[in-house]
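Quick note on labels: first sequence line is chain A, next is B, and so on, each numbered from 1. Since we're looking at a predicted model, the values are computed, not measured.
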Amino acid sequence: MNLFRHFNDLIREAAASLEGAPADINVAPITVEPPRDAAHGDLATNAAMVLAKPLRRKPRDIAEMLAPVIADMDGVASVEIAGPGFINIRLADGFWQARLAEILRRGVSYGDSDLGQGQAINVEYVSANPTGPMHVGHARGAVFGDALASLLDKAGWDVTREYYINDAGSQVEVLARSLHHRYREALGQNPGPLADGLYPGDYLIQPARDLAERDQDRWLDAAEAEWLPVFQDYAVDRMMGLIRDDLHALGVKHEVFTSERALHADGRVEEAVRDLEERGMVYTGVLEPPKGKLPDDWEPRPQLLFRATEWGDDVDRPLKKSDGSWTYFAADIAYHFDKFKRGFPLMVDVLGADHGGYVKRMVSATRAITGANSGGLTIKLCQMVQLLEDGEPVKMSKRSGTFVTLRDVVDRVGRDAVRFMLLTRKNEAPIDFDFAKVTEQSRDNPVWYVQYAHARCCSIYRNAENDMPGLNTSAEAIRAADLSILIHPQELALIRLMTSWPRLVEQAAETSEPHRIAFYLNDIASAFNGFWTLGKDAEELRFIHPDNHDLTMARLALVGGVRTIIQSGLKVLGVTPVEELR
RNA sequence: GGUCCCGUAGCUCAGCAGGAUAGAGCAACUGAUUCCUAAUCAGUAGGUCACAGGUUCGAAUCCUGUCGGGAUCACCA
């Protein structure tokens, strides 16, 4: 239950039936939120202020009319009118205790929402070129996309996770040539130094050996035109294997892999462009030279263009290169068209910030394809990750082979730490990824801090079982505990915070901001650790009371609630909760 | 030059789709461990929310402009 939505619905209803309310009154601007200052109560609504104009009355007068109606609602303990016309609502202890019971009953599915109403949505992420292993730059988009997909799923969308394999274009030819070089080496030849522009990494050596084993010297003296397609297929297969392994190491999942080359091969690119053509969205023209720095080899030439400007872009965009072949953009239009036809009116693309210039054209193309009022494509850009070693940037250069692979980082600090750290920042903000910080065990490291709180919850259960032999701490027994004895302000504060989880899920999903979950978990951990420490001074606030079964069970229920919320949140982030930290 | 992102405490960052006195961690200072994990907690101090206008009951949040930082800019993917 999202209690804010719950009470908002009730209050809107009450507002619409107020004396003197016009039939067509707009109650949408009414909000119900937690007041910033807890002293103001549990809920605050702006209803009186928003209704002042349509009702032509003073906010305070409207508040006076609404207050008794609200006070009568289930769960409401008291109502106050404050400031310019805020209505502050305080909920009864019993209401909060019922919420804890709800959390225990629902388990990690607590916070699930029907906000998405089961709408199909396609989330595309990673889509690294299949030309080598993933490096850290890819990790952020991968983790972000994965968490966003989980988040949307939790919030009620029907999510499909997709990977677009960029297996067409010149970089795949380069890959094939690089593999051929290694192939010659594998057969004992000395092809000399790697030609300029070929991929230097040693990850092609083993695939080349395997290929040499399979095909022997069949391609050694063959013409390039003969071996190129074979080497392309083989290399892309192997590189996708590497990437899948890397994704697996990160715990990132996809359900659908779509090949760019297949789009070209079975005519879907032509089909998409033809579709645009029929709508008059395509023409042959000459583009203006780019502003700013003019490329050395720029020259005016007629090209097949898409009327992107009619859909919100700044210039029209080329669909064909000067040699007549399709641009990447043309294939990408076909790809989005394909997704649309597969039943996804809603799509999300997760891209690196270096693709910022690409957003408008893809969004406008998608509008053109799907009809203007759809606007079904959202592009989320992830900013750079800067690796730090002892506070110093790690220098990376592809040329010297010193770039850090995703696998290196995962092996060193662990999948969970990588994921959590990359999600503890909003996607538009650059991240400094400090190796020392990520593995540090302190308050300053949110990854560790949240895990610590979870482990502590587990530890309390273990201790309870040890200290009180025969105590039944099964889920059923905990759910049966009498929660009405949880009336300490700190206990209720903790439950309040847990109860904001459903609302947080909805907000994070609506804004596509999984980082909010990481911050929320940090808050939960902090509140829980605070409560834990109270027990040091005040023995009656400890969780375990060997001489008081009922109190122990109620407190264990509280701890169980915290543990459940943390698990629910970590599940969205794709991080495994740990039961013990030593 | 165009476009996009960012600018909040000394540092690193949140800020809940406009709400009441702008928050957290680190660093600094003061306290708390025979005790359910002190790997923690409580407190003090620290801000002209880059700047200037605008929108309205109300702006860190929305709009315009300026300044500063980053990304990107036909035919690459």
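Cation-pi geometry between A/Arg563 and A/Tyr461 is satisfied (NZ or CZ under 6.0 Å from the ring centre, within 45° of the ring normal). Taking the centre and axis of the six-membered ring of A/Phe528, the NZ or CZ atom of A/Arg456 falls outside the cone set by 45° and 6.0 Å.
Rounded to the nearest Å, the gap between the C1' atom of B/C51 and that of B/G7 is 11 Å. One C1' atom belongs to B/A9, the other to B/C35, and the distance between them is 36 Å to the nearest Å. B/A52 and B/U12: their C1' atoms are spaced 29 Å apart (whole Å). Between B/C26 and B/A71, the distance separating the two C1' atoms is 29 Å to the nearest Å. Distance noted for atom C1' between B/A24 and B/C67: 29 Å (whole Å).
Put simply, A/Arg301 has no side-chain N or O that comes within less than 4.0 Å of OP1 or OP2 on B/A74. Side-chain N/O atoms of A/Lys321 include one lying less than 4.0 angstrom from OP1 or OP2 on B/A77. Applying the 4.0 Å criterion to OP1 and OP2 of B/U3, one finds that A/His355 has every side-chain N and O outside that range. Contact annotation: A/Arg36 side-chain N/O to B/A20 OP1/OP2 distance is under 4.0 Å.
When base pairs are accepted only as Watson-Crick or G-U wobble with both N-N or N-O distances under 3.5 Å, RNA chain B takes part in stems of 3 or more pairs at B:1-7 with B:67-73, B:10-13 with B:23-26, B:28-32 with B:40-44, B:50-54 with B:62-66.
Residues in residues 308-321 of chain A take part in these salt bridge (Lys or Arg N to Asp or Glu O under 4.0 Å) pairs, two or more places apart or across chains: A/Asp313-A/Arg317, A/Asp314-A/Lys360.
A/Phe306 has its CZ atom 15 Å from the P atom of B/C75, to the nearest Å. Between the OH atom of A/Tyr520 and the C1' atom of B/G25 there is a distance of 19 Å, given to the nearest Å. The separation between A/Arg425 atom CZ and B/G15 atom P is 11 Å, rounded to whole Å. Note: CG (A/Leu175) to C1' (B/A77) measures 14 Å, nearest angstrom. Distance, A/Arg317 CZ to B/U3 P: 12 Å, rounded to whole Å. Separating the NZ atom of A/Lys426 from the C1' atom of B/C13 is a distance of 8 Å, rounded to the nearest angstrom. Between the C1' atom of B/C5 and the CG atom of A/Asn427 lies a distance of 10 Å, rounded to the nearest Å. Between the CG atom of A/Asp354 and the P atom of B/G70 there is a distance of 16 Å, rounded to whole Å.
None of A/Trp326, A/Tyr164, A/Phe329 except one satisfies the ring pair (Phe, Tyr, Trp, His ring centres under 6.0 Å) rule with A/Tyr335; the exception is A/Tyr164.
Remark: side-chain polar atoms of A/Asp42 are paired, donor with acceptor, to backbone N or O of A/Leu91 under 3.5 angstrom.
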Under 3.5 Å, which protein N or O atoms sit close to an N or O of nucleotides 32-38 of chain B? Give each pair with its distance.
{"from": "B/C35", "atom 1": "O2", "to": "A/Lys536", "atom 2": "O", "distance (Å)": "3.1"}
{"from": "B/C35", "atom 1": "O2", "to": "A/Arg542", "atom 2": "NH2", "distance (Å)": "2.6"}
{"from": "B/C36", "atom 1": "O3'", "to": "A/Asn463", "atom 2": "ND2", "distance (Å)": "2.8"}
{"from": "B/C36", "atom 1": "O2'", "to": "A/Asn463", "atom 2": "ND2", "distance (Å)": "2.6"}
{"from": "B/C36", "atom 1": "O2", "to": "A/Phe543", "atom 2": "N", "distance (Å)": "3.2"}
{"from": "B/C36", "atom 1": "O2", "to": "A/Ile544", "atom 2": "N", "distance (Å)": "3.3"}
{"from": "B/C36", "atom 1": "N3", "to": "A/Phe543", "atom 2": "N", "distance (Å)": "3.1"}
{"from": "B/C36", "atom 1": "N4", "to": "A/Trp532", "atom 2": "O", "distance (Å)": "2.7"}
{"from": "B/U37", "atom 1": "OP1", "to": "A/Ser459", "atom 2": "OG", "distance (Å)": "2.6"}
{"from": "B/U37", "atom 1": "OP1", "to": "A/Asn463", "atom 2": "ND2", "distance (Å)": "2.6"}
{"from": "B/U37", "atom 1": "OP2", "to": "A/Asn463", "atom 2": "ND2", "distance (Å)": "3.0"}
{"from": "B/U37", "atom 1": "O2'", "to": "A/Tyr452", "atom 2": "OH", "distance (Å)": "2.4"}
{"from": "B/U37", "atom 1": "O2'", "to": "A/Arg456", "atom 2": "NE", "distance (Å)": "3.4"}
{"from": "B/U37", "atom 1": "O2'", "to": "A/Arg456", "atom 2": "NH2", "distance (Å)": "3.2"}
{"from": "B/U37", "atom 1": "N3", "to": "A/Leu581", "atom 2": "O", "distance (Å)": "2.9"}
{"from": "B/U37", "atom 1": "O4", "to": "A/Leu581", "atom 2": "N", "distance (Å)": "3.1"}
{"from": "B/U37", "atom 1": "O4", "to": "A/Leu581", "atom 2": "O", "distance (Å)": "3.2"}
{"from": "B/A38", "atom 1": "OP1", "to": "A/Lys536", "atom 2": "NZ", "distance (Å)": "3.3"}
{"from": "B/A38", "atom 1": "OP2", "to": "A/Arg456", "atom 2": "NH2", "distance (Å)": "2.4"}

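Looking at A/Asp316, its side chain has no donor and acceptor atom pair within 3.5 Å of the base of B/A74. Taking 3.5 Å as the limit, the base of B/A17 and the side chain of A/Glu510 contain a donor-acceptor pair of atoms between them.
Annotation: of the two residues near RNA chain B, A/Thr511 and A/Asp167, the 5′-most nearest-nucleotide partner is A/Thr511. With the nearest nucleotide of RNA chain B identified for both A/Phe329 and A/Leu381, A/Leu381 has the one nearer the 5' end.
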